[in-house]
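In this text the structure is predicted, and so the values were computed from the model without any measurement.
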Amino acid sequence: MKRRAIDLYLQQLKEGIQHETIEHTIHQADMADYLESVSREDENTFFEQFNLLPLSNKAETFLELLATLQKDLIEEMDALSLAELIGVLKSDDATDVFLFITKIDKVKAENIFVLLSDEQQDEIDQLTHYDDHEAGSLMQTELLKVSLNQTIEEALEKLSNLKANGIGRIESLFVTDEHNKLLKNIFMDDLILENSQDKFSDFMHKFPNPEVIGGHESIDTLLIMIEKYDLSVLGVVDRRGKLIGRITHDDVVDSMQEKATQQIYNLHNLHADEEIQESFAKTSRTRAIWLTINLFNAILASLVIGVFEETLHQIVALAVLMPIVANMAGTASMQTVTVIVRQLALGEIRFSDVQRILIKEITIGMLNGLFLGILTAGISQFRFHDTLISLSIGLSMFISFIFAGILGASIPLLLKKVHIDPAVASSVLVLTFTDIIGFFSFLWLAEWIILKGV
């Protein structure tokens, strides 16, 4: 049904017919889905249909497209067209698009910046001062702000003007004093209960003090606040408490999705921006980097095995059983890493919790190691009928599981402590050390129990 409506809408645009009724029933996300399917069939048709869209519709649809298609459009469109597109976006979205263009083509970005209005140039200059991990990077400068001596009726007039200028959804208004210090954040539905002629100073006492966040505070702190206080909009203040912008729930949801995607990709050593639609060359290059790192880690583990080469020659069964220890310990360590990294991201644990976490993980490692060590030893005994080999792998499994818990918990916490993203490096380091400990403990125990004990 949606596809037929979009087909009709695009056909009318192609014929020069503006049909606002249909336009307003088509969401930009649905339009983006439609154009993404078109791009897979015919790239030229994709460009043609995108360019048919009215400017505001085109800009909103652009935001919903995959990054790879956004990049294609940026390379295809000239500076003037891109400047017009940025010109109708909200300040935060306009800044994001401008920064994305800068990464792709700095010269084109400079030409675009000159074409923007003075007001938009100032907004982009202000918002680009914030790093990607800071709350200010998600901030909009467009907001509804009133003073204490203004009435509700005057506030509604301001709202009408803002809506006419395409500000988008307004959930609340901000009340400030004469120095622009934020006093209250009042939701629009609360105003319905007040007399339109009343001044804000008349009923300010009815509302609690607002939750605010500094522009340079971390996005992690922002996400914790949004979740803790169930906020749909949050005022952003500078170091002196002056209101400089707002952060809305839709930008927070987008940020949470990006963060979750990044964590999943990082845990499996994939580039955070990788998409299945990306070119073969780029995808293979970004994956090859981490695969090369893993290769060196595998070589390091193999050197440990090489130390016991003579033992392996004498007892071939060890080579059959050796991968079991590394695989089981590696799986256990990654279970711990996944939980720790996720809770660090949510702010539920800190480095100060390391003792409590280690005690718990060591206890779990001992219990699982004991159970699986006995189980593996029994399977080994059934397969090879050698009590000493079975004892070796059982003890090794027990030791490996304890270290898997220790490494899986401590390495992400240590990385966070030294300001390295735990999701990026934890899996590589933990799996490498777990493999080394697993191989070494099994082969050393086997040599000590079987060969030296004879």
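Between M139 and L127 the shortest side-chain heavy-atom distance falls below 4.5 Å. In this structure the side chain of E48 never reaches within 4.5 angstrom of the side chain of D42, judged on heavy atoms. Side-chain contact check for L148 versus V175: some heavy-atom pair is nearer than 4.5 Å. In this structure, L73 and F47 have side chains that are in contact, with non-hydrogen atoms separated by less than 4.5 Å. A 4.5 Å side-chain heavy-atom check between I411 and F433 finds at least one atom pair inside the cut-off. At least one side-chain heavy atom of L13 sits less than 4.5 Å from a side-chain heavy atom of P54. A heavy-atom distance below 4.5 Å is found between the side chains of L222 and I247. Residues R246 and L144 form no side-chain contact, since every pair of their non-hydrogen atoms from C-beta on lies 4.5 Å or further apart.
In this pair, F200 and F203 present their aromatic rings tilted. The plane angle is within the 30 to 60° band.
Rounding to the nearest 0.5 angstrom, the gap separating the CD atom in E64 from the CD atom in Q70 is 9.0 Å. Between K145 atom NZ and L162 atom CG the span is 11.0 Å, to the nearest 0.5 Å. For the atom pair CZ of F46 and CG of D72, the computed distance is 7.0 Å after rounding to the nearest 0.5 Å. We find the OG1-CG distance between T141 and D122 to be 10.0 Å, quoted to the nearest 0.5 Å. The distance from atom CG of N51 to atom NZ of K14, rounded to the nearest 0.5 Å, is 12.5 Å. Atom CD1 of I357 and atom CD of E361 lie 8.0 Å apart (nearest 0.5 Å).
Between the side chain of Q120 and the backbone N or O of S117 there is no donor-acceptor pair closer than 3.5 Å. A donor-acceptor distance shorter than 3.5 angstrom exists from the side chain of K108 to the backbone of I74, with no hydrogens or angles considered. Side-chain atoms of D131 do not come within 3.5 Å of backbone N or O of E134 as any donor-acceptor pair. In this structure, S400 contributes its side chain and M397 its backbone to no donor-acceptor pair below 3.5 Å. Of the possible donor and acceptor atoms, one in the side chain of Q121 sits under 3.5 Å from a partner among the backbone N and O of L116. Between the N327 side chain and the P323 main chain, no donor and acceptor come within less than 3.5 Å of each other.
Residue pairs meeting the ring pair (Phe, Tyr, Trp, His ring centres under 6.0 Å) criterion with at least one partner in residues 66-122, sequence neighbours excluded, are F98-F113. Under the ring pair (Phe, Tyr, Trp, His ring centres under 6.0 Å) criterion, no residue pair touches residues 142-184, with sequence neighbours excluded.
More than 12 heavy atoms of other shown residues, nucleotides or ligands fall within 6.0 angstrom of atom OH in Y34. Atom CG of D132 is surrounded by 12 or fewer heavy atoms from other residues, nucleotides or ligands within 6.0 Å. Around the CD atom of Q355, the shell of radius 6.0 Å holds no more than 12 heavy atoms that belong to other residues, nucleotides or ligands.
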Using side-chain contact (heavy atoms from CB on, under 4.5 Å), reason through L53 and T61 one step at a time and then give a plain yes or no.
CA-CA 9 Å; L53 300 176; T61 301; 3.9 Å; yes
Test log, rule side-chain contact (heavy atoms from CB on, under 4.5 Å), inputs L191 and L173
CA-CA 10 Å; L191 294 183; L173 58 77; 3.3 Å; yes
For a side-chain contact (heavy atoms from CB on, under 4.5 Å) check, start with the C-alpha distance between F187 and V233, then their side-chain angles and the critical distance, and finish with the verdict.
CA-CA 9 Å; F187 286 89; V233 64; 3.8 Å; yes
Between M334 and S427, does a side-chain contact (heavy atoms from CB on, under 4.5 Å) hold up when you go through it step by step?
CA-CA 7 Å; M334 289 311 298; S427 61; 3.6 Å; yes
Let's go through D190 and K184 carefully: what are the C-alpha distance in whole Å and the side-chain angles of both, what is the deciding distance for salt bridge (charged side-chain N to carboxylate O under 4.0 Å, His left out) to 0.1 Å, and is it a yes or a no?
CA-CA 12 Å; D190 290 323; K184 299 290 180 179; over 6 Å; no
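Side-chain contact check for S232 and E171: no donor-acceptor pair (N or O, by modelled atom type) lies under 3.5 Å. Side-chain N/O atoms of E142 and S91 include a donor and acceptor closer than 3.5 Å.
Salt-bridge check for K58 with E84: failed, with every basic side-chain N at 4.0 Å or more from each acidic carboxylate O. For the pair R40 and E36, the salt-bridge criterion is not met [side-chain N within less than 4.0 Å of a carboxylate O]. Between K206 and E194 there is a salt bridge, with a side-chain nitrogen of the basic residue lying less than 4.0 Å from a carboxylate oxygen of the acidic one.
Closest non-hydrogen pair, I26 versus A5, comes out as CD1-O, 4.0 Å. For S426 against L415, the heavy-atom pair with the smallest separation is OG-CD1, 3.5 Å.
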